[in-house]
Each structure stands twice: as C-alpha cells, then as structure tokens.
Amino acid sequence: MRTKVMKFGGSSVANAETIKAVFDIVSHENSESIFIVVSAQSGITDNLTQTISDPEMLNKIKGRLTNLISDLKLDPNLIQDLLKSLSIDLNKNLPSQEKQALVISYGERISATIISAFFNSQGFSNEVIDTSNFFITDSNFLNAQYDVSESKKHINNFLNASSHKNFIVTGFIASDSKGNVTTLGRGGSDLTATLLGQIVNAEEVEIWSDTNGIASADPRIISDTISLKKVSYDEAIELSSFGAKIIYARSLIPSIETDTPVLIKNTFNPKSPGTLISSSTEENTFSIATKKETSIITIYNPKMIGAVGYLSALFKRIEDLALSVDVVSVSEATVSFTISKLSKELIPNILENLSNLGRVTIEDDRATLAVISKHLNHKQNTLSHSIDILSKNNIDIDMISYGNSEINLTIVFKEKELEKATTLIHKEFLSYTR
Ligand code: ASP
Ligand code: MG
C-alpha cells in the first residue's frame, strides 16, 4: 500500500482558516493510506506549561479552543472530556517533569481530536491515533528516547484492528513502559512523523510548516536568499543542529535508517516545491547557517606543548560544567572553543574550574557562521575565498573550523559583523552556483 506521512506544525493548525487550508492540501493527496501528524495549535504548548503555575491561563486556552470548534462548526462538546481530565491532571501531585509532560500532552490530543472531527465532517473518513497509547519511550519525560520495536508492535496491533486507512496522529507525545505520558522534546512532532514513517514503511514523510523549505541563509538576516530544492541528510543535520529551525534535529535519524525522503513544504504556499531531504543532494547546493550569542573561551598554557592528556583533562572539566561546545580550535599552547548563549552567572564557575589548566579568557558578542555543502571540497578555494572576502572587508576572524568531512566550514567573528559577513559569503557562493 502506498503510504504517506504528512506532519502539520502549530502554525498550520493554528485556527479554522489554516485548518481548512490543511484539509485542502490533504484532500488532493492520492496515497492509499495517509497518516496526518499534528502539533498543538501554535502557542498552546507554552500556554499549557503556564497553567501549572498560573491556573488563570486555563480559561484562556479553553476560550481559544472553544472558539476554534465553533468556527469549524463542530459539536460544542467535542473536547469536554479532554478538558475535564486536564483539570484533574493539573491538580495531581507529581514530580515536576512528569507533570509537565502530562499537562502539555493535552495540546496534541485536543488538536488531533478537533482535526479528526473536522476532516470527518468534510467526508474524509479517519480515526485518531493517540501516540501516548502506542509510542513507547524511556522515562525522560521532557526529552524521551523512543524504542522503535516496542512502538512498532503496539502500532501494528492497532492498525491490524482498524478498518480505517487514514489517521490523524498526535505529534510529540508518547508514554514510558509504565504508561506515564512522556514527550519527545519541544518541536518533537517532526520526530513522531519520521518515526511513524519508519514503522509504517512510508514512501515519503512530508513536514508542512510556514516557510518554503530550507533557505540558502537565514532570511531574517539577509533578504536575497534562495530556497534549496534538494539537500542530503548530512547537510540537513548540520543545518538543524545549528539552530536553523527547519526540522527537529533528532527527527532525521529514523529517515536515515530507512532512507525515507523527507519533503519540507509550506502550508501557506503549497505550490512552492519545497526542499527534499534525502540521501542525495544537488551538485551546486549550499547553505549558510548562522548563530548569534556565541562566546569564545580560550585557555593558554605553554606547558601544554608536547603534553599528553591535556585535552582530555580539559574536556572532562567542560563535561563537569555541563557546557555544550560548538567549535574547537587547538594550537600548540592554546585551546579555544565556543559556547552558545553563555549565561553570565556561569562565568565565575568556568574561571574557577578551568584556571588551573592555564590562563583563561572569555570573549562574548561573537557570532558563528557555517557554510554547509556536500560539495565544499569540490569548490576550489572555498576556504581561501571565504577568508579572503572577510579580511578584504575588514572582518576580523576569531576562529575557523574546517573538518575532514568537508561538509561544514565554520567561522567565528564579532556579532556586529554578522549581517555583512553573511551577505558577502552568500553572494560569493551564489555566484558559484549560477
Ligand atoms: N507542540 C510541541 C511544541 O510546541 C511539539 C511540536 O509542535 O512539534 O514543541
Ligand atoms: Mg516544529
């Protein structure tokens, strides 16, 4: 059976108008079986989190969802049971993360209930799959790790008993082996979609959101970006781990395992071809990922020259400090690494923990720019051109990293130069691709 998974994010299901646009997209689909994974209405996950400390918030949520149901001309009592059980769960005395996972799971459960009822009312016969009954994870409530074979067993049992071919599926939520509700991490509905794609052997997974796929650079920084037709899994992983909000980084793992292509599409511009993430890429494709709020920590110690085990001692300290390192650069007597969003309160702790390894300096107000392309190594002089163009324009480079995989060239410089540097390098690479 030709099966497709289509995931619609929070902004795609935000209100009656957008849900009708989603219906229009799905009703033109000709796969024999469709799994439609939905997020909570945009903002609802945050609002639900707030209800734990601010019970007033619950009325706001109820108001918005009740209006949505009436705009879609559905049964006014449609979500009464869910809202009642949400109120009961809000009064439960549970460990904080367990309670938060349980409370925010209502966002996706309510969303799936509403969308399923609306689709049924339009003649698109379907059934809800509440993944908190079928997707099995560990008990890391807010960032759970899934178990593919257990989840597959449960889903297949359900599907064998169902007479439906089309399903509306809750994104984001799952449960541990004891039946407590867990979540896959913020933005995790993408992972629900790819995991389901793996379990049901989908031909393709589509992720529908509100941009025309992956852009060649962050459109909030420069205006003349192009949208990429095809990128490889590796490139997409580099991009999403870099903070480009195209797809939840972990969500590519199931797709890579089964080599299931992932197509990124725009609900608000369905004619746009989107970006296909698969095992292949286009010859001339590249993208630039950027990150503000980068800090550089440098440790200078001449005793490090020729010493054995120095880096491992340093990285052990970094692990103890729970710092996540982005870029590292090592010379004989210095090690520099970058941290993003380093909070000021941590600085005394870092200085105290690292200073007996050498002289420590911390520079902030930096930005990181990465040029990502599978074909970086084919482009003669990529490295020299990038450096050349920045230095010709008086942009001081603080750090560079160019790994052996040659898929990612990373440059760190002052944050105030970010727009200028992105514009220059983007223009340079665009000239190669045209
Ligand atoms: N609703 C969840 C969130 O806002 C999951 C998702 O949308 O992917 O993070
Ligand atoms: Mg998302």
Side-chain angles (χ1 to χ4, degrees), residues 5-15 18-19 21-22 35-52 57-58 60-61 64-65 68 79 82-83 86 89 97-116 128-132 134-135 137 140-146 151 168-175 181-198 205-211 214 236 239-241 243-255 262-268 277:
V5 177
M6 303 172 86
K7 179 257 171 178
F8 292 89
S11 57
S12 300
V13 298
N15 55 49
T18 64
I19 291 174
V22 168
F35 291 80
I36 299 149
V37 176
V38 296
S39 288
Q41 278 63 49
S42 56
I44 291 287
T45 308
D46 288 334
N47 292 160
L48 283 166
T49 307
Q50 289 155 15
T51 54
I52 298 173
M57 196 40 124
L58 190 57
K60 240 175 115 176
I61 296 173
R64 177 168 169 203
L65 296 171
L68 174 59
I79 58 168
L82 280 165
L83 289 175
L86 167 60
D89 286 343
Q97 299 205 340
E98 183 173 344
K99 178 149 174 184
Q100 195 180 331
L102 179 61
V103 168
I104 60 182
S105 74
Y106 281 90
E108 269 68 14
R109 280 143 91 175
I110 291 172
S111 180
T113 304
I114 293 174
I115 291 162
S116 167
V128 169
I129 299 181
D130 179 342
T131 47
S132 65
F134 305 105
F135 274 20
T137 65
N140 187 354
F141 291 97
L142 297 180
N143 196 20
Q145 294 295 330
Y146 55 86
S151 305
I168 309 291
V169 185
T170 52
F172 184 49
I173 64 176
S175 83
V181 174
T182 60
T183 58
L184 300 175
R186 293 305 303 270
S189 296
D190 294 346
L191 177 56
T192 308
T194 53
L195 190 55
L196 193 60
Q198 172 172 20
V205 174
E206 294 180 356
I207 306 284
W208 290 78
S209 66
D210 49 15
T211 54
I214 303 179
L239 274 169
S240 46
S241 3
K245 280 201 172 145
I246 40 151
I247 183 165
Y248 182 57
R250 277 206 286 156
S251 62
L252 288 170
I253 298 166
S255 302
V262 177
L263 180 62
I264 313 279
K265 291 277 288 178
N266 188 353
T267 303
F268 306 98
I277 307 173

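Numbering of ligands and ligand atoms starts at 1, following listing order.
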For this session: Of all the heavy-atom pairs spanning Ser132 and Ser175, show the shortest one and how long it is.
Result: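 For Ser132 and Ser175, the tightest heavy-atom pair comes out as O-CB, 3.2 Å.
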
Problem set entry | Which atom of Thr49 lies closest to which atom of Thr45, heavy atoms considered |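 Shortest heavy-atom separation between Thr49 and Thr45 comes out as OG1-O, 2.9 Å.
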
Atom [atom1] in [X], atom [atom2] in [Y]: separation rounded to 0.5 Å?
X	Y	atom1	atom2	value
Leu82	Ile110	CG	CD1	5.5 Å
Leu58	Leu86	CG	CG	5.5 Å
Ile44	Ile104	CD1	CD1	12.5 Å

Problem set entry | Shortest reach to atom 6 (C) of ligand 1 by a heavy atom, considering only Ser111, Ala193, Ser189 |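 Of the listed residues, Ser189 has the closest heavy atom.
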
Identify, by atom number and element, the atoms of ligand 1 in contact range of [X], meaning under 4.0 Å from any of its heavy atoms.
X	result
Glu108	1 (N), 2 (C), 5 (C)
Arg186	3 (C), 4 (O), 9 (O)
Ser39	6 (C), 7 (O), 8 (O)

For the 3.5 Å polar cut-off, considering only N or O atoms, please tell me whether [X] and ligand 1 meet it.
X	answer
Lys7	no
Asp190	no
Gly187	yes

Problem set entry | Sub-4.0 Å heavy-atom contact, Gly188 with ligand 1 |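 A heavy atom of Gly188 does come that close to ligand 1.
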
Problem set entry | Partner set under side chain to side chain donor-acceptor pair (under 3.5 Å) for Ser11, not counting sequence neighbours |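 Only Asp210 meet the side chain to side chain donor-acceptor pair (under 3.5 Å) criterion with Ser11.
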
